[in-house]
Structures are given as C-alpha cells and as structure tokens.
J.: 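Sharing a structure with you now.
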Amino acid sequence: MAYLGNAARTKEVLSKYNMSAKKKFGQNFLIDSSVLDGIVEASGVTKDDCVLEIGPGIGSLTQYLAEAAKRVVAVEIDKTLIPVLNDTLSEYDNVTIINEDILKVDIESIVNEYNEGRQIKVVANLPYYITTPIIMKLFESGVPIDSITVMVQKEVADRMVMGPGNKDYGSLSLAVGYYAHATFVMNVAPGSFIPQPGVGSAVVHLKRYEKPAVEVADEKYMFEIIRTAFNQRRKTLSNALSNNPSLKVTRQQVQDALTEMEINEKTRGEVLTLEQFARLSDILQR
Ligand code: SAM
C-alpha cells in the first residue's frame, strides 16, 4: 500500500470516494511525511504500545502508527470515512476503527478491551474546534494514559507549554501542568495539510505524571479559582474571586490569604504558579 501522507495520494483517495474535507468536523488531512514521522517519533510509540488515535480521517497518520505500534484503536466521528479507512488500512491487521464521537465514547472500556486496562498512548492530529474538551476528558476521566502527542493550533500549543508571567499563560497551561509535563515538539505550516488551515499548527507532547504535580484538598475548587482569575485577567485576584458567588469568599478573605502567602494583595492571577493556586485554594477552604 502506498502511503497516504502526500498531496497526490490524498487527492486520489478523496476523488475516488467523491469526498471533500468537512469543515464542521475540523478535517485537515496531513500530506507531509516528515511531519508524520516527527509525530510518531515524538510519541515514543514502540511495538509494545497500544495507541488511541482520535480522528484518523482517511488514515494518513494511522498507517504510520500501525507500523510503529502493537495495536491502534482509532475513533472517527464521520461515518462516511469508515469505508475509506477500511480500504486504506486493509493491509494492517492491528488497527481497529470505531465510529464514535470521542467526547461521548467510554474510553476506559476501549482501554480495557484492547489493552487489558494497561496504559495507552494517545496520538492525534486533533480537530481544532474541540481540542481543549478532548484533552480535559482524557486527563479528567482517569483513563490510564502514558502520554498524549497531538497536533493542535499553534496558539493552543503555546498556551499549553507557557509558565506564569507570559501572555499565553492561562487556565489551560495550569490544567495541563497539573496532569502532565508538556513539551513543544515542532511548528507545522498550513502547507502540510489539505485543505490548508487558516492558522498555524504545532505538535506538543504531554507526558502524564504518575500523580498530579501538586497536592490540593479540592481540585475542583482550585480549578474554579483558576478559571475565575483568568476570566477576569485585568482585575486583582481579590476582586475577581470575591465576584464569583460559587467560590463563597469575600475580598478581605482573599487579601488575608495572599498576605499569609506573602503575596502582594493587589496581585493578579496571571503571575501565580500552580503551587500557589493550590495553596490559595486550601487556605480559602479552611
Ligand atoms: N488524522 C487525519 C490526518 O492527520 O490526516 C485527520 C485529522 S483531522 C485534523 C481531524 C479528524 O477528527 C477528522 O477526521 C474528523 O472527522 C475527526 N473528528 C472530528 N470531531 C471528532 C469527534 N468528536 N470524535 C472523533 N473524531 C472526530
């Protein structure tokens, strides 16, 4: 089977099935073999691994993964792509295609069925319209995941890897940093896809920690603080947090907590580290 990861084969497959990429599903097919190689290399996938691929499209990345991994389970929402995938992946006996929405499917039962509950690696060229919900579902559902290697919008990649004080630092940086060590792998230009996306792209590798990066009594409460702080970036933390009734704190309580932490009471959330948000959360809940 000829590889799909180039413009000529991709156009040939799309025309054979009389298809075009669907915008509503965020379809941008990879046509650059060096990018495909780079994703697989960054994922660290070996013949011992079971890979969960999200959105195989016409199967370009899936072919590379099938050669590197023991098994690939690929979840694709678009039912019109299923016959295409059955055709383009017919030579691989280690690939299973599941026609489901990744946000609705029970990932834990996939891991149990195909990898006996052992850790899987997630690798994908993600549909950009739902990047954050997918990443958060993967982390929050408690599914055994070793790492996530994904193509995302360049701007989102920047937000995932940035630390305090940077303009891209925000609730996504903290959420990712709570669960995983994030590394930037590479920038990818629009010309590496058909059709070309209107934005730049980048690959990130998120290696999951064995346990979250910080200890906090109530992680839901901490993330509500984080969301509130960054939703009102221009406000001081004490103003922002006391404005959110669900946190049940007064301005004075926030100021006292910051003083206890030896942080200026006029501080904004954007300069706090994950450790400081965890401590603030614990103090405010006392
Ligand atoms: N992996 C292919 C590639 O690299 O050429 C296609 C990547 S394309 C950016 C995103 C893929 O995700 C599309 O095939 C799209 O149909 C699929 N997709 C979109 N939303 C999805 C969802 N909720 N669940 C599963 N797949 C989805």
Side-chain angles (χ1 to χ4, degrees), residues 1-19 21-22 25-102 105-127 134 138 143-151 185 188 192-194 203 205:
M1 155 73 63
Y3 283 120
L4 297 161
N6 60 70
R9 276 289 288 145
T10 299
K11 284 180 188 158
E12 198 181 308
V13 169
L14 291 174
S15 101
K16 176 174 171 190
Y17 287 90
N18 200 14
M19 291 180 78
K22 296 188 184 70
F25 289 140
Q27 292 176 355
N28 299 95
F29 304 119
L30 267 169
I31 52 161
D32 187 331
S33 59
S34 65
V35 173
L36 288 157
D37 275 329
I39 295 173
V40 176
E41 194 187 325
S43 73
V45 165
T46 71
K47 279 286 168 196
D48 290 330
D49 290 312
C50 176
V51 172
L52 170 66
E53 187 192 4
I54 297 159
I58 62 168
S60 318
L61 177 58
T62 325
Q63 289 184 330
Y64 281 67
L65 291 170
E67 292 192 2
K70 181 173 71 184
R71 167 152 290 285
V72 181
V73 181
V75 177
E76 173 56 62
I77 196 171
D78 182 356
K79 67 174 188 300
T80 66
L81 286 172
I82 306 305
V84 182
L85 288 162
N86 287 335
D87 178 8
T88 59
L89 301 169
S90 61
E91 285 178 19
Y92 299 98
D93 59 5
N94 59 343
V95 178
T96 305
I97 307 293
I98 299 176
N99 182 206
E100 283 281 359
D101 179 342
I102 192 66
V105 77
D106 179 354
I107 302 175
E108 196 148 9
S109 59
I110 293 180
V111 178
N112 286 336
E113 182 170 352
Y114 295 98
N115 205 33
E116 293 161 357
R118 292 190 307 266
Q119 283 195 330
I120 50 149
K121 289 182 175 158
V122 177
V123 186
N125 170 16
L126 286 179
I134 292 175
L138 290 170
V143 175
I145 288 171
D146 172 81
S147 61
I148 302 175
T149 309
V150 277
M151 175 89 69
V185 176
V188 180
S192 295
F193 306 84
I194 285 182
V203 178
H205 177 71

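Numbering starts at 1 and runs along the sequence shown.
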J.: Could you tell me which non-hydrogen atom of V75 sits nearest to which non-hydrogen atom of E100, and how far apart they are?
T.: CG1-O, 3.3 Å

J.: Main chain of N6, side chain of D32: is a donor-acceptor contact present, judged purely on distance under 3.5 Å?
T.: no

J.: Say you draw a straight line from CD1 of I98 to OH of Y114; how long is it, rounded to the nearest 0.5 Å?
T.: 4.5 Å

J.: Any chance you could measure N125, atom CG, to T149, atom OG1, to the nearest 0.5 Å?
T.: 12.5 Å

J.: Starting from the C-alpha separation in whole Å, work towards a yes-or-no answer on side chain to side chain contact (heavy atoms under 4.5 Å, CB included) for F29 and V13.
T.: CA-CA 11 Å; F29 304 119; V13 169; over 6 Å; no

J.: Taking atom CD as the centre, does Q119 end up with more than 12 heavy-atom neighbours from other residues, nucleotides or ligands that are less than 6.0 angstrom away?
T.: yes

J.: Between I97 and V95, is any pair of side-chain heavy atoms under 4.5 Å apart?
T.: yes

J.: Within a radius of less than 6.0 Å around CG of N18, do more than 12 heavy atoms belonging to other residues, nucleotides or ligands occur?
T.: no

J.: Using 0.5 Å steps for rounding, measure from the CG atom of N112 to the CG atom of D106.
T.: 8.0 Å

J.: Is the shortest side-chain heavy-atom distance between K16 and D87 below 4.5 Å?
T.: yes

J.: So does K70 get a backbone contact from the side chain of N94, meaning a donor-acceptor N/O pair under 3.5 Å?
T.: yes

J.: Quick one, V73 and E113 - any side-chain contact, counting heavy atoms below 4.5 Å?
T.: no

J.: Please report the shortest heavy-atom distance between V123 and S43, naming the atom on each side.
T.: CG2-CB, 3.8 Å

J.: For K47, does the NZ atom have more than 12 heavy-atom neighbours from other residues, nucleotides or ligands under 6.0 Å away?
T.: yes

J.: Could you check whether any side-chain N or O of T10 sits under 3.5 Å from a backbone N or O of L4, counting only pairs where one atom can act as donor and the other as acceptor?
T.: yes

J.: Does K11 form a side chain to side chain contact (heavy atoms under 4.5 Å, CB included) with I194? I'd like the steps, not just the answer.
T.: CA-CA 9 Å; K11 284 180 188 158; I194 285 182; 3.9 Å; yes

J.: Side chain of D49, backbone of T46: donor and acceptor closer than 3.5 Å?
T.: yes

J.: If you look only at distance, which donor and acceptor atoms sit under 3.5 Å apart when one is on a side chain in residues 51-58 and the other is two or more places apart or in another chain?
T.:
unit_1, atom_1, unit_2, atom_2, d
E53, OE1, T62, OG1, 2.6

J.: Hey, mind stepping through V35 and M151 against side chain to side chain contact (heavy atoms under 4.5 Å, CB included) and telling me if it holds?
T.: CA-CA 10 Å; V35 173; M151 175 89 69; 3.7 Å; yes

J.: How close do K22 and Q27 get, counting heavy atoms only, and between which atoms?
T.: N-OE1, 2.7 Å

J.: Can you find a pair of side-chain heavy atoms, one from F193 and one from V188, that are under 4.5 Å apart?
T.: yes

J.: Closest approach of G59 and T88, non-hydrogen atoms and distance?
T.: CA-OG1, 4.4 Å

J.: Are the side chains of H205 and S147 in contact, using a 4.5 Å heavy-atom criterion?
T.: yes

J.: Determine whether I39 and L30 make a side-chain contact, defined as any pair of heavy atoms from C-beta on separated by less than 4.5 Å.
T.: yes

J.: Are I107 and I102 close enough that some pair of their side-chain heavy atoms sits under 4.5 Å apart?
T.: yes

J.: With rounding to the nearest 0.5 Å, note down the distance linking CD in Q63 to OG in S33.
T.: 12.0 Å

J.: What I'd like to find out is whether the side chain of V40 reaches to under 4.5 Å of the side chain of L61, using heavy atoms alone.
T.: yes

J.: Between K121 and G44 (side chain of the first, backbone of the second, donor and acceptor by atom type, cut-off under 3.5 Å), is there such a pair?
T.: yes

J.: Distance from I145 atom CD1 to I120 atom CD1, nearest 0.5 Å?
T.: 5.0 Å

J.: For the atom pair CG (L81) and CE (M19), what is the distance rounded to the nearest 0.5 Å?
T.: 4.0 Å

